[in-house]
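Written out below as structure tokens is the structure these notes cover.
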2 protein chains.
Amino acid sequence: MSDLLGRLRGRGWRMTSQRRVVAEVLDGDHVHLTADEVHLRAAARLPEISRATVYNTLGELVALGEVLEVSTVGRAKRYDPNARNPHQHLVCSGCGTVRDVHPVGNAIGDLPEEERFGFAVGSVEMTYRGLCPACA
Amino acid sequence: MSDLLGRLRGRGWRMTSQRRVVAEVLDGDHVHLTADEVHLRAAARLPEISRATVYNTLGELVALGEVLEVSTVGRAKRYDPNARNPHQHLVCSGCGTVRDVHPVGNAIGDLPEEERFGFAVGSVEMTYRGLCPACA
DNA sequence: TTCTTGACTTGGACGAAGTCCATCGTAGGA
DNA sequence: TCCTACGATGGACTTCGTCCAAGTCAAGAA
């Protein structure tokens with residue numbers, strides 16, 4: 001995420017204070033905020049920012065491939081800024097904490113030809129579930 | 001799913017026409033309906049059935065372990081009656097079609113100890129994505 | 001068979017998450 | 001500095017799901 005703002009400017013993104021704040025909120029590892037949480041944190045720095053703007057900006061970041069949508073925890077979508085580093089997710093069944101993890105092996109290769117139904121398989125998303133040390 | 005009704009009766013479930021119709025709608029392989037679709041199909045056979053009853057019944061079937069919730073496609077949850085046969089999902093990025101698939105290998109074993117953050121990992125859900133023959 | 005009762009169903013209100021749109025504001029080039 | 005097209009705003013709206021009070025009925029008892 002570090003030079004996200006630079007990359008976005010390079011792509012011709014018009015830089016506004018709202019977009020800057022949203023991008024800054026989405027920084028760090030193991031960050032998986034809901035749109036509402038992003039709005040809350042952004043509003044702490046820029047009180048007038050509207051919900052619609054947060055949704056618009058998140059949608060654009062996803063379209064640009066800078067942020068991933070994760071829908072494995074709870075009802076609301078979560079936004080993962082760690083898009084440039086391929087990874088999977090480990091979720092605590094107790095408290096909902098999410099960690100980025102990196103399994104070894106080739107999960108796509110593990111799907112036999114006769115189980116592909118003629119699909120051109122391009123990716124696989126994995127969600128590991130279990131109890132974190134605090135909840136166990 | 002075949003003898004679902006018998007199993008439910010065995011567990012002391014009170015059998016009503018509404019529950020019977022919902023269970024019958026959720027029958028077959030590669031079935032992944034939304035609650036709304038279940039309601040639509042159930043109402044074709046039993047016009048007075050209410051949305052709340054469909055949600056209640058689906059929730060109970062999930063609690064009993066007879067049906068799985070799948071949240072990998074679109075906004076609404078989908079209900080998968082194939083709960084007694086462990087499997088993963090293959091989703092078409094074009095039309096949203098979902099197939100049940102059975103990868104080989106041990107995905108849980110593929111998560112290294114140092115990537116587990118002390119979690120007791122119990123299960124893994126995998127979603128393969130690609131284009132189906134019709135969409136390719 | 002009829003009675004009884006508690007579990008089940010109903011529909012409408014409610015709530016959370018997300019989208020849409022007309023209008024206003026402003027970043028950044030001329 | 002001025003213009004203007006792109007972005008922000010906020011309120012209405014949609015979708016998906018939950019809750020609740022009141023009415024209904026499956027299934028065991030007599």
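Residue numbers start from 1 in every chain, and the chains themselves are labelled A, B, ... in the order their sequence lines are given, proteins ahead of strands. Values in this document were obtained by computation on a predicted structure and should not be read as measured data.
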Calculate the interatomic distance between A/R20 atom CZ and C/dA27 atom P; express it in whole Å. 9 Å
So which nucleotide from D/dG17, C/dG18, D/dG7 ends up closest to the side chain of A/R19? D/dG7
If you assign each of B/A76 and A/T57 to its closest nucleotide in DNA chain D, which residue comes earlier from the 5' end? A/T57
Spacing between B/L8 atom CG and C/dA7 atom C1', to the nearest angstrom: 16 Å
Separation of C/dG18 atom C1' from A/R75 atom CZ, nearest Å, is 12 Å
Send over the distance from A/K77 NZ to D/dT15 C1', rounded to a whole Å. 12 Å
Starting at CD of B/E37 and ending at P of D/dT15, how long is that distance when rounded to a whole Å? 14 Å
For A/R14, the side chain to side chain contact (heavy atoms under 4.5 Å, CB included) test, sequence neighbours excluded, returns A/R19
So, with a heavy-atom separation below 4.0 Å from DNA chain D, the residues of residues 42-52 of chain A are A/E48, A/I49, A/S50, A/A52
Euclidean distance, atom NE2 of residue A/H39 to atom C1' of D/dG10 [Å, nearest integer]: 10 Å
Just distance, no hydrogens or angles: give the donor-acceptor pairs under 3.5 Å from side chains in residues 92-99 of chain B, sequence neighbours left out.
| from | atom 1 | to | atom 2 | distance (Å) |
| --- | --- | --- | --- | --- |
| B/S93 | OG | B/G130 | O | 3.3 |
| B/R99 | NH2 | B/H30 | NE2 | 3.2 |

Euclidean distance, A/L58 CG relative to A/H39 NE2, rounded to 0.5 Å: 11.0 Å
Below the 4.0 Å mark, does D/dT9 have OP1 or OP2 next to a side-chain nitrogen or oxygen of A/Q18? yes
Has B/R20 got more than 12 heavy atoms of other residues, nucleotides or ligands less than 6.0 Å from its CZ? yes
Please report, to 0.1 Å, the donor-acceptor pairs under 3.5 Å made by any side chain of residues 70-79 of chain A, with sequence neighbours excluded.
| from | atom 1 | to | atom 2 | distance (Å) |
| --- | --- | --- | --- | --- |
| A/R78 | NH1 | A/H32 | O | 2.8 |

Contact string for nucleotides 25-30 of chain D, one letter per nucleotide 5' to 3', B = base within protein heavy-atom range under 4.0 Å, S = sugar-phosphate only, - = neither, reads BBS---
Do the side chains of A/E125 and B/H89 get nearer than 4.5 Å, heavy atoms only? no
Listed by chain and number, what are the side chain to side chain contact (heavy atoms under 4.5 Å, CB included) partners of A/L64, not counting sequence neighbours? A/L8, A/R11, A/W13, A/E66
State whether B/Y55 places a side-chain N or O below 4.0 Å from either non-bridging phosphate oxygen (OP1 or OP2) of D/dT18. no
Rounding to an integer number of Å, can you tell me how far A/R78 CZ sits from C/dA16 C1'? 14 Å
Mark yes when over 12 heavy atoms from residues, nucleotides or ligands other than B/R116 sit less than 6.0 Å from its CZ; otherwise mark no. yes
What is the separation between atom CD on A/E60 and atom C1' on D/dC6, rounded to the nearest whole Å? 10 Å
What about B/L46 and B/L61, same hydrophobic cluster or not, with Ile/Leu/Val/Met/Phe/Trp/Tyr joined at side-chain heavy-atom distances under 4.5 Å? yes
